[in-house]
Structure formats: C-alpha cells, structure tokens
Amino acid sequence: MATDHPQSAPGTAAAAAPGRAHGTRPRVLSGIQPTAGSFHLGNYLGAVRQWVALQESHDAFYMVVDLHAITVPQDPAELRANTRLAASQLLAAGLDPDRCTLFVQSHVPEHAQLAWVMNCLTGFGEASRMTQFKDKSAKQGADRTSVGLFTYPILQVADILLYQADQVPVGEDQRQHVELTRDLAERFNGRFGRTFTLPAAYIVRETAKIYDLQDPAAKMSKSAATPKGVISLLDDPRATAKKIRGAVTDTDTVIRFDRETKPGVSNLLTIYSTLTKEPVADIERKYEGKGYGALKTDLSEIVVDFVTPFRERTQEYLDDPETLDGILAKGAEKARAIAAETLERTYERVGFLTAKH
Ligand code: TRP
C-alpha cells in the first residue's frame with residue numbers, strides 16, 4: 001500500500017511495551033466515527049480498503065469511536081443504529097474478526113480512563129492549537145462547542161497509546177493528532193519512565209484520494225454541496241451508475257490522468273484503477289481514441305459490481321444483530337485485555353494507590 005510511512009519511526013520498537021510479545025507484527029490502530037451513515041467511495045478507497053489490507057501484515061485494531069461521536073450532539077437511537085451500521089460495513093468491506101480486533105470504543109472503559117490522565121498532561125494552549133478543533137468550533141460558535149470537542153484529540157491520544165500502536169492509518173487531517181500522541185507519549189515516558197510506544201502516522205498518498213464527481217477540486221465528502229457528486233456505497237446501484245455517467249469531465253475528449261488540467265477524468269481513472277487494480281497507464285491505453293462515454297459506461301459497471309455485494313453483506317449483518325453484537329463483544333474482550341494492562345501500568349506510574357479487590 002502506498003504511504004509515506006511504510007515503516008514505523010525509528011526508535012519505536014515496541015518489544016518492551018506492555019501487552020506486546022517480542023517479535024510480533026507491527027501493530028496498527030485506527031478508528032472511524034459512527035456518524036456517516038453509508039460509507040462513500042472516498043471512505044472506502046481512502047481508508048477502509050487500507051484497513052482491510054493491513055490486517056494481513058499487521059496486528060490490527062479497529063474501532064468504532066462512539067465516544068468521539070458525542071462531542072457533538074447525537075440522537076441516541078440514531079447513534080446506536082449508526083454504530084451497528086458502521087461495524088456492519090467494516091465487516092462487509094472485508095475486516096475479518098479472526099484476523100483483526102474490531103470493537104466499539106465505549107465497550108472498553110479504559111479509553112475514557114486513560115484520556116483523563118492524558119488531559120492532565122496536556123497544556124491548555126497546546127490543545128487550543130489543534131486545527132481541527134479550531135475549524136469545528138469556529139463553525140459551531142463557542143456556546144455550542146462542548147468541552148468534549150476540545151479534548152477530542154486527547155481521547156484519540158488515549159485510543160492509540162492504550163494499545164501501544166506502532167502505526168496509525170489516518171487521513172492527512174489527522175496528522176496533527178498523531179503528532180500530539182507522540183508528544184504526550186514522550187512527555188509521559190520522560191516524566192514517569194518508559195510506558196508508551198511512540199506511534200507514526202500512516203498516511204495514504206494522493207493517488208488513493210477520491211474527489212467529488214461534480215466538483216473534482218473537493219474531496220468526496222458526505223457534506224458535499226450535492227449528493228450527485230458522492231457515491232454512497234449503500235445506495236441503489238442504479239442511482240450510483242447514473243451518478244458516474246453524470247460525472248463532470250472536461251471539454252476535450254482525451255482520457256489521460258492529469259490532476260491539474262483534467263481533475264474530473266483523473267478522478268474517474270483513480271476510481272477505475274483502484275477498484276480493478278489495473279495501472280492508470282494501462283487504462284489510458286485501453287481507452288485511447290475512445291470517448292468519455294465508453295469510460296463512464298465501463299466504470300459504472302465496475303462500481304456496480306463492487307457495491308452490489310457490499311450492500312448485500314452489510315444488510316446480512318444488520319438483519320442479524322445478535323451475530324454482529326457477538327463479534328463486537330469478542331473484539332472488546334480482546335481489546336480490553338491489552339487496554340487494562342496499559343492502564344494499570346499507567347495508574348501505577350502516576351502514583352495512584354493500587355486498588356485492592
Ligand atoms: N479522529 C479520527 C477521525 O476523525 C477518528 C479516530 C478516533 C481515530 N480515534 C482514533 C483515528 C485513533 C486513529 C486512531 O478520523
């Protein structure tokens with residue numbers, strides 16, 4: 001997988017960290033908020049597909065971050081439904097509970113517990129410099145911004161440090177939060193003795209970025225101006241085919257990858273290439289002398305062939321919540337074994353009196 005951090009940063013070998021046997025595969029951890037409803041193709045090709053690949057080579061932990069979701073108001077019934085929906089889609093996309101640990105953040109109480117310790121280690125000014133918080137709070141206004149949103153990055157720090165993760169697959173917008181994680185881990189280790197692994201961000205390169213079909217200058221996002229530009233994986237496949245046929249291209253008719261002058265066509269080529277694994281150059285050659293219509297027709301078919309089974313598998317999990325909840329319970333149990341060990345060690349280092357049971 002193309003990233004700018006193929007290996008973990010030097011000096012982060014985690015053999016001595018709690019919960020880690022010597023010589024195990026590098027550990028990755030990531031989270032997704034249960035607020036999106038249907039995943040869109042950008043989520044899938046940019047992040048989820050990478051999560052699926054990493055479970056083959058890494059000791060992978062993935063969670064649905066419901067604690068993060070309530071940093072902005074959520075309807076309780078919707079939050080619960082969206083948590084199951086997110087987990088179902090992750091499983092439908094190919095996460096295998098036998099090869100990774102998939103769980104719901106609130107099922108592991110150590111996240112909130114470690115976050116408190118990390119809150120107390122973070123400077124107010126330091127937290128105030130988090131750009132995502134600044135953007136979000138500016139949009140909402142101070143009165144509607146919760147203190148939870150302010151400490152959101154610190155909860156994320158706790159998520160990562162609890163598992164001694166080596167690498168954190170995230171989008172570019174999360175790089176600062178991973179940097180904060182490294183800073184706080186170093187600060188804690190310096191003050192209390194080596195306790196936490198320093199993680200590295202694992203960021204997908206530009207080539208895996210998917211843009212809006214109607215506005216190829218903008219990333220595909222659920223907050224797009226029009227749903228016509230967004231391929232929602234759980235939509236009716238016929239609607240999806242229509243969106244691809246209606247995608248914005250440009251006035252010449254040459255099928256060539258060029259982000260600068262031909263962003264619409266380039267985006268279609270990226271989608272084509274990532275779903276079929278054919279190199280872009282081969283696709284360009286295949287469509288030499290053909291128009292955009294041919295490319296769009298074929299791409300619609302490729303995308304429909306992808307979303308159709310994805311929708312079916314997602315629906316199977318949603319129709320069987322007992323099985324789904326069972327998978328999540330097992331995941332939480334595996335996660336908790338590690339998280340509890342890290343938390344216990346942290347509490348001891350901080351100077352809390354050991355609780356006798
Ligand atoms: N903040 C991340 C996002 O919005 C989600 C997240 C929460 C996360 N905890 C995490 C990602 C831990 C990586 C690791 O995308």
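Everything numeric in this text was worked out from a predicted model, so none of it was measured. Throughout, residue positions are numbered sequentially from 1 according to the sequence presented. Atoms within a ligand are numbered from 1 in the order they appear, just like the ligands themselves.
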Should you measure from each heavy atom of Val65, which atoms of ligand 1 turn up under 4.0 Å away? 7 (C), 9 (N)

His68 heavy atoms, cut-off 4.0 Å: which ligand 1 atoms fall inside? 7 (C), 9 (N)

Regarding atom 10 (C) of ligand 1: of the candidates His111, Gln174, Gln156, which has the closest heavy atom? Gln156

Note the single closest protein heavy atom to atom 5 (C) of ligand 1, along with its residue, its atom name and the distance in Å. Gly31 O, 3.5 Å

Does Gln105 approach ligand 1 within less than 4.0 angstrom via side chain, backbone, both or neither, non-hydrogen atoms only? neither

Hey, is Ile160 touching ligand 1 through its side chain, its backbone, both or neither, going by heavy atoms under 4.0 Å? side chain

For the side chain of Lys334 and the backbone of Cys100, is there at least one donor-acceptor N/O pair under 3.5 Å apart? yes

Out of all atoms in ligand 1, which are within 4.0 Å of some heavy atom of Val170? Include the element for each. 11 (C), 13 (C)

Can you tell me the protein heavy atom closest to atom 4 (O) of ligand 1 and the distance? Tyr152 OH, 3.2 Å

Could you tell me if the ring centre of Tyr163 sits under 6.0 Å from that of His111? yes

Proximal atoms of ligand 1 relative to Ser30 (non-hydrogen, under 4.0 Å): 11 (C), 13 (C), 14 (C)

Of the protein's non-hydrogen atoms, which lies at the shortest distance from atom 9 (N) of ligand 1, and what is that distance? Asp159 OD2, 2.7 Å

Atoms of ligand 1 under 4.0 Å from any heavy atom of Val168, numbered from 1 in the order shown, are 13 (C), 14 (C)

Any Asp252 side-chain heavy atom under 4.5 Å of Lys262 side chain: yes

Please examine the side chains of Ile32 and Trp51, heavy atoms only from C-beta on, and report whether any two atoms are closer than 4.5 Å. yes

Does the structure place the NZ or CZ of Lys136 under 6.0 Å from the centre of the six-membered ring of Tyr152, at an angle of no more than 45° from the ring's axis? yes

Please check if any side-chain donor atom of Asp96 sits under 3.5 Å from a side-chain acceptor atom of Gln55, or the reverse. no

Within the 4.0 Å heavy-atom cut-off, what Ile32 brings close to ligand 1 is neither

CG (Leu85) and CG (Leu234) are apart, to the nearest 0.5 Å, by 6.0 Å

Would Ser106 and Asp66 count as a side-chain hydrogen bond (donor to acceptor under 3.5 Å, both in side chains) if you check the C-alpha gap in whole Å, the side-chain angles of each, and the deciding distance to 0.1 Å? CA-CA 6 Å; Ser106 67; Asp66 53 352; 2.5 Å; yes

